[in-house]
Amino acid sequence: MINIALDGPAGSGKSTVAKTISKKLDILYLDTGAMYRACGLKCLNEGVDVKDAENVEKVIKDIDLKIYYKDGAQVTCLDGKDVSTDIRKPEVSMLASTVSAHRSVRLKMVEMQREIASSTDCVLDGRDIGSYVLPNAKYKFYVTADSKVRAERRYKELIERGEKVDFDALHQEIIQRDYNDSHRDFAPLVQAEDAILVDTSYMTVEEVVDKIISYIKEG
Ligand code: DC
């Protein structure tokens, strides 16, 4: 089984890179952030405070979350509804970051991720794939970029999607999310010891993809 772990902070470009790599290598792409985003959305829908560990555990324990693929793209389905677009809303980003810090939430999502990765060649993007979810993954990369560059990328993406966003607020949110994700107790965002660091600040998507694929081809 080929498992490629792509970890890194928000806006580092890892999802675009992961998607491209999955197409080039003809393997599955699993966006694990989408799963935590769906958990955040579930809490929002149920009126549960994402900081409330007890109620979060209750609501996520039996979450009806399904990941499937349509024309090669991941579809995230919550309570029977396709929420692939809803989970991208900026307000869901911070909810996902907060809810993902709960051990109960992570254990549940990690179980689903390991199941998918054990039966399919895939590239997974996330925060803890190389360090916790799949410590034996054959290929591990830590993709990062300067926080301002990452905020600029997210800003462009959201504007193109017709969202109204304030750049400085977005930048602050990215910094806050980096802090949350890397300071939680359980399976935080961290570069795995054996992961290759790729700083994408001044690289194009093609350059990043070529670099990663060349490492993979070298074995
Ligand atoms: O990659 P993203 O921005 O869609 O992720 C949303 C949040 O989900 C992120 O702030 C932290 C959390 N997350 C995580 O804790 N572990 C993962 N493997 C993926 C995402």
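In each ligand, atom 1 is the first atom listed, and ligand 1 is the first ligand listed.
For Lys42 and Asp79, the salt-bridge test passes: some basic side-chain N is under 4.0 Å from an acidic carboxylate O.
With a 4.0 Å heavy-atom cut-off, ligand 1 is reached by the side chain of Arg184 but not by its N, CA, C or O. Contacts with ligand 1 closer than 4.0 Å are made by side-chain heavy atoms of Arg37 only, the backbone lying farther away. Contacts between Ser97 and ligand 1, counted as non-hydrogen atom pairs separated by less than 4.0 Å, involve both the backbone and the side chain.
Considering backbone and side-chain atoms together, Ser93 places no N or O closer than 3.5 Å to any N or O of ligand 1. Considering backbone and side-chain N/O atoms, Arg154 never comes within less than 3.5 Å of an N/O atom of ligand 1.
Considering only non-hydrogen protein atoms, atom 19 (C) of ligand 1 sits nearest to Thr32 OG1, 3.4 Å. Of the protein's non-hydrogen atoms, the one nearest atom 13 (N) of ligand 1 is Tyr36 CD1, 3.6 Å. Closest to atom 1 (O) of ligand 1 among all protein heavy atoms lies Arg127 NH1, 2.9 Å. In terms of protein heavy-atom proximity, atom 6 (C) of ligand 1 is closest to Arg177 NH1, 3.5 Å.
Looking only at distances, a side-chain donor or acceptor of Ser12 sits under 3.5 Å from a matching main-chain atom of Val143.
Judged by a 6.0 Å distance limit and a 45° cone about the ring axis, Arg127 is not positioned over the six-membered ring of Phe186.
Atoms of ligand 1 lying under 4.0 Å from any heavy atom of Ala96, numbered from 1 in the order shown and given with element: 6 (C), 7 (C). For ligand 1, the atoms sitting less than 4.0 Å from at least one non-hydrogen atom of Ser100 are 11 (C), 12 (C), 15 (O), numbered in the order shown with element in parentheses. Atoms of ligand 1 lying under 4.0 Å from at least one heavy atom of Gly126, given by number and element, are 17 (C), 18 (N), 19 (C). Ligand-side atoms of ligand 1 in range of Asp128: 16 (N), 17 (C), 18 (N), range being under 4.0 angstrom from any heavy atom.
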Side chains of residues 53-67: which donor-acceptor pairs under 3.5 Å do they make with residues two or more places apart or in other chains?
residue	atom	partner	partner atom	Å
Asn55	ND2	Asp52	OD2	2.7
Asp64	OD1	Lys66	NZ	2.7

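Under 3.5 Å, the side chains of Asp125 and Tyr29 contain a donor-acceptor pair of N or O atoms.
Between Tyr155 and Phe167, the ring planes lie perpendicular to each other; the angle is over 60°, past the 30° to 60° tilted range.
Between Cys39 and Val105, the shortest heavy-atom distance links the atoms SG-CG1, 4.0 Å.
Within the 4.5 Å cutoff, side-chain heavy atoms of Ile4 are placed close to those of Leu25.
By the 4.0 Å heavy-atom criterion, Arg106 is counted among the residues contacting ligand 1.
Annotation: the span from Gln74 atom CD to Leu28 atom CG amounts to 8.0 Å, rounded to 0.5 Å.
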